[in-house]
Structure formats: structure tokens, C-alpha cells
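Quick notes on the structure that follows.
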Amino acid sequence: MTDNSINNQEKNKVHYERLYAGYNVENIITWLGNLDHFLRSARAVETSWNALYRNDLKNRLEGKKVLEMGCGDCVNAAIMAGLGAEVYANDIADASGLIIEKLNSRVNFEHPIKFISGDFLKNNLEAKQFDFIIGKAFLHHLTIPEEQQFLRETARLLKATGEARFFEPAVNSKLLDEIRWMIPLKGRPSKLQKSKFREWKKNDPHPERSFSSRHYQKAGSRFFYKIEIIPVGILERFSRLFSWGERRNRFKRWAFRNEILLPQCIQKAGARSQLIKYQFPIND
């Protein structure tokens, strides 16, 4: 592993240990109490849930063996376990393991969630055992060399009939990307605020790398025979023009329903996010 990759892992670990320290699981437990309502609501207005659970993933998880890379706050790991999947969850932050311990002690999952701590590339798991491998906003935290190693490991662990799903940001238009950086967000200054932006960038856990659909197509072609990339958010991205509340959510629901009617090439060019599906692993 290169020095850049080691530094990136250390930066991510520090950031996410701090972010998830002392995480309160009460919301997760409440959501598990009414899974159908939670997923229906989340998919209607949240881009990551809308994309990741497309193609009836919800009803395909029961009884399946699933691995989640970068489980973070463990919400998705808990939802998948609540849907009847046997979930293995990994994160570089030990704080995620503490969240899983709390969840397992409070929730009677059919299969308690198994936490895999630390560097995932040292997992020692048996090959070809997972029906699904999931990454919810995970790959973009990796450097390109790291990503290649993780995709190789994904192909090793996935069953021949399995499916890997990664929800990631999409940057297929340089113009839209430049505009995006100029608009300040909570916790992130505008690129036009040069000194503040430079300081923010220094502490940002995301490495400089490509987020284009073409990149993920090429990266996956080394390890998988079948690749499908679904663009998401060309209309939903404009929800940021609305303040938080029902009006914004109403726009998001409209956007998700209608953006799929646009030509694929237009969706791809303007997508805010993407669902990357890899199938039929190429094993040496």
C-alpha cells in the first residue's frame, strides 16, 4: 500500500472515530419497529436510499448473506439485518463496532450483525460466500490504488451469482462540478472563499480522485463481467434551492418520479449520484 493510501486511511479513521463516538441508536431502533414505513419514506426523499434499494433490493435480502463495506453509523446494516439478511459489516472506525454491539444487545435480529474491524483488506474471510456486497457512499473515500484493491477483494468474496452495489457521487460534467464547489454548504465554504476552502480541504477525508461513471465502468471491468451504472439526481439536485421541510420533500418526490423519463445520456451528464452494480466476478 502506498504512503498516500496509508495517510488516507489514517485520516478517515480519525474523522469517523470522532463522528460516530457515542452514537445514539434510539432512532435506528425506532425505524426497525416499522421497516416498511421507514424504507418507503427514505426512498421517497433521500437520494442514497432511493438509489441503493432500486430493483426490489428490499425483498431480495431475506435469508441472504450480505457484506457492507464502510458501515459508518450502521443504519443500513441494521435495516438489512431487520429485513432478514445475515449481515457482516466493516468499518475502519472502531466506533461503528460499538454501535453494532448496542444494536445486537437491543434488537432481536434473526442473525445478529457481525462486525469486521479495521483494515478490510486483512479480513481473512472465505472466498465466494456473499450474495450481496454493499457500499453506501464508500468507494469515494478511497484513493484509486485502494479502490482497485477493494474491488479485487469484492470479486473474491462475491458468489458467482452475487451482486455488488455501490452508491456513489457522480461527476460527469466539469461545468456542473465547478458550479457545485462555488456554492457554500453547511460545513463547507465556497471555493471562492480561498483561505477557508483551503483549510476545509486540508481536513476533508475525501481524496482527490475521479467520480465519473466512465471511471467506475473502467475500474470494475478488471474484476467483473457485467457492469450497470444507473444515474440518479439530475432533477433532485435542485432540491437544494428549497429550505428544509415538506416543500423540499415534495419536490424530491416529484424529481425521482420524473427524472427516469429523461434520455439516459442526459441523466448521466447531469446526475448528482449513481448506483454502480457489478456482477459475475472475474476470479484468477
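For Glu259 (side chain) and Phe256 (main-chain N/O), no donor-acceptor pair under 3.5 Å exists by modelled atom type. Under a 3.5 Å cut-off, the side chain of Arg209 and the backbone N or O of Leu142 do form a donor-acceptor pair. With Arg222 contributing its side chain and Gln148 its backbone, the two residues share no donor-acceptor pair below 3.5 Å. Counting only distance, with no hydrogens or angles, the side chain of Asp73 and the backbone of Val75 share a donor-acceptor pair below 3.5 Å. With hydrogens and angles disregarded, no donor-acceptor distance shorter than 3.5 Å links the side chain of Gln279 to the backbone of Thr161. Remark: the backbone N or O of Trp254 is paired with a side-chain donor or acceptor of Asn258 at under 3.5 angstrom. Of the possible polar contacts, none joining the Arg248 side chain to the Ser243 backbone as a donor-acceptor pair under 3.5 Å is found.
Looking at Glu26 and Arg106, a side-chain N of the basic residue comes within less than 4.0 Å of a carboxylate O on the acidic one, giving a salt bridge.
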### Message
For Leu67 and Thr154: C-alpha separation, side-chain torsions, deciding distance, then whether side chain to side chain contact (heavy atoms under 4.5 Å, CB included) applies.
### Response
CA-CA 9 Å; Leu67 167 68; Thr154 299; over 6 Å; no
### Task
Applying side chain to side chain contact (heavy atoms under 4.5 Å, CB included), run through Val66 and Asp131 and close with a yes or a no.
CA-CA 6 Å; Val66 181; Asp131 298 288; 5.7 Å; no
#### Entry: Pair Phe166-Leu151, side chain to side chain contact (heavy atoms under 4.5 Å, CB included): steps then yes or no
CA-CA 11 Å; Phe166 295 100; Leu151 291 181; 4.1 Å; yes
#### Entry: From CA spacing to verdict: side chain to side chain contact (heavy atoms under 4.5 Å, CB included), Ile230, Gln274
CA-CA 5 Å; Ile230 302 171; Gln274 56 197 329; over 6 Å; no
### Task
Kindly indicate, with the supporting measurements, whether the criterion side-chain hydrogen bond (donor to acceptor under 3.5 Å, both in side chains) is fulfilled by Arg253 and Asn249.
CA-CA 6 Å; Arg253 288 191 286 267; Asn249 288 341; 5.7 Å; no
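Asp94 and Tyr16 form no side-chain donor-acceptor contact under 3.5 Å, judged by distance and modelled atom types alone. Glu147 and His215 share a donor-acceptor pair across their side chains, judged by distance under 3.5 Å alone. Counted by atom type alone, Asn90 and Glu68 present zero donor-acceptor pairs between their side chains at under 3.5 Å. With hydrogens and angles left out, the side-chain atoms of Asn172 and Ser213 include a donor and acceptor closer than 3.5 Å. The closest side-chain donor-acceptor pair between Lys102 and Asn24, if any, does not fall under 3.5 angstrom.
A single hydrophobic cluster is seen to contain both Ile28 and Val107, as judged by linkage of ILVMFWY side chains at heavy-atom distances under 4.5 Å, directly or through other members. Val171 and Ile266 are members of different hydrophobic clusters when ILVMFWY side chains are connected at heavy-atom separations under 4.5 Å. Under a hydrophobic-cluster definition in which Ile, Leu, Val, Met, Phe, Trp and Tyr are linked whenever side-chain heavy atoms come within less than 4.5 Å, directly or via other members, Leu262 and Leu275 are assigned to different clusters. Two different hydrophobic clusters hold Tyr88 and Met80 under the rule that ILVMFWY side chains link at heavy-atom gaps under 4.5 Å. Residue Ile113 is grouped with residue Ile29 when hydrophobic side chains (ILVMFWY) are merged at heavy-atom distances under 4.5 angstrom, including chains of intermediate members.
For the atom pair CD1 (Ile276) and CD (Glu168), the distance works out to 5.5 Å, reported to the nearest 0.5 Å. The distance from the CZ atom of Phe251 to the CD atom of Glu246 is 13.5 Å, given to the nearest 0.5 Å. Between the CD atom of Glu163 and the CD atom of Glu228 there is a distance of 8.5 Å, given to the nearest 0.5 Å. To the nearest 0.5 angstrom, Ile116 atom CD1 is 10.0 Å from Asn124 atom CG. Here Phe224 contributes atom CZ and Lys277 contributes atom NZ; the two are 13.5 Å apart, rounded to the nearest 0.5 Å. Atom CG in Leu61 sits 12.5 Å away from atom CD in Glu86 (nearest 0.5 Å).
Closest approach of Ala51 to Val232, counting heavy atoms only: CB-CG2, 3.8 Å. Across all non-hydrogen atoms, the minimal contact from Pro207 to Phe211 is O-CZ, 4.4 Å. Heavy atoms only, all atoms of each residue included: Ala78 and Phe109 are closest at O-CE2, 3.7 Å. Counting all heavy atoms, side chain and backbone alike, Lys64 lies closest to Arg60 at CG-O, 3.1 Å. Of all non-hydrogen atoms in Cys71 and Ser96, the two that sit nearest each other are SG-CB, 3.9 Å. When all heavy atoms are compared, the tightest approach of Val45 to Lys252 is O-CD, 2.9 Å.
Cation-pi geometry between Lys65 and Phe130 is met: the NZ or CZ atom falls under 6.0 Å from the ring centre, inside 45° of the normal. For the pair Lys226 and Phe280, the NZ or CZ position fails the cation-pi test of under 6.0 Å to the six-membered ring centre and within 45 degrees of the ring normal.
Using a 4.5 Å cut-off on side-chain heavy atoms (C-beta onward), Lys58 and Leu83 make contact. Using a 4.5 Å heavy-atom threshold, the side chains of Arg272 and Thr47 count as touching. A heavy-atom distance below 4.5 Å is found between the side chains of Cys74 and Leu103. Looking at heavy atoms from C-beta onward, Ser221 lies in side-chain contact with Ile227 at the 4.5 angstrom threshold. A heavy-atom distance below 4.5 Å is not found between the side chains of Tyr278 and Phe223. When side chains are defined from C-beta on, Pro231 counts as touching Gln264, because their heavy atoms get closer than 4.5 Å. In this structure, the side chains of Phe120 and Met69 come closer than 4.5 Å at one or more pairs of heavy atoms. In this structure, the side chains of Leu52 and Arg165 come closer than 4.5 Å at one or more pairs of heavy atoms.
Within 6.0 Å of the CD atom in Glu62, the count of heavy atoms belonging to other residues, nucleotides or ligands does not exceed 12. Annotation: Glu208, atom CD; neighbour count of heavy atoms from other residues, nucleotides and ligands within 6.0 Å does not exceed 12. Crowding of Phe242 atom CZ: a count of heavy atoms from other residues, nucleotides or ligands under 6.0 Å exceeding 12.
Between Phe38 and Trp49, the ring centre distance stays below 6.0 Å. Here the two rings, on Tyr216 and His140, have centers that are 6.0 Å apart or farther. Under the 6.0 Å cut-off for aromatic ring centres, Phe138 and Phe150 qualify, their centroids lying closer than that.
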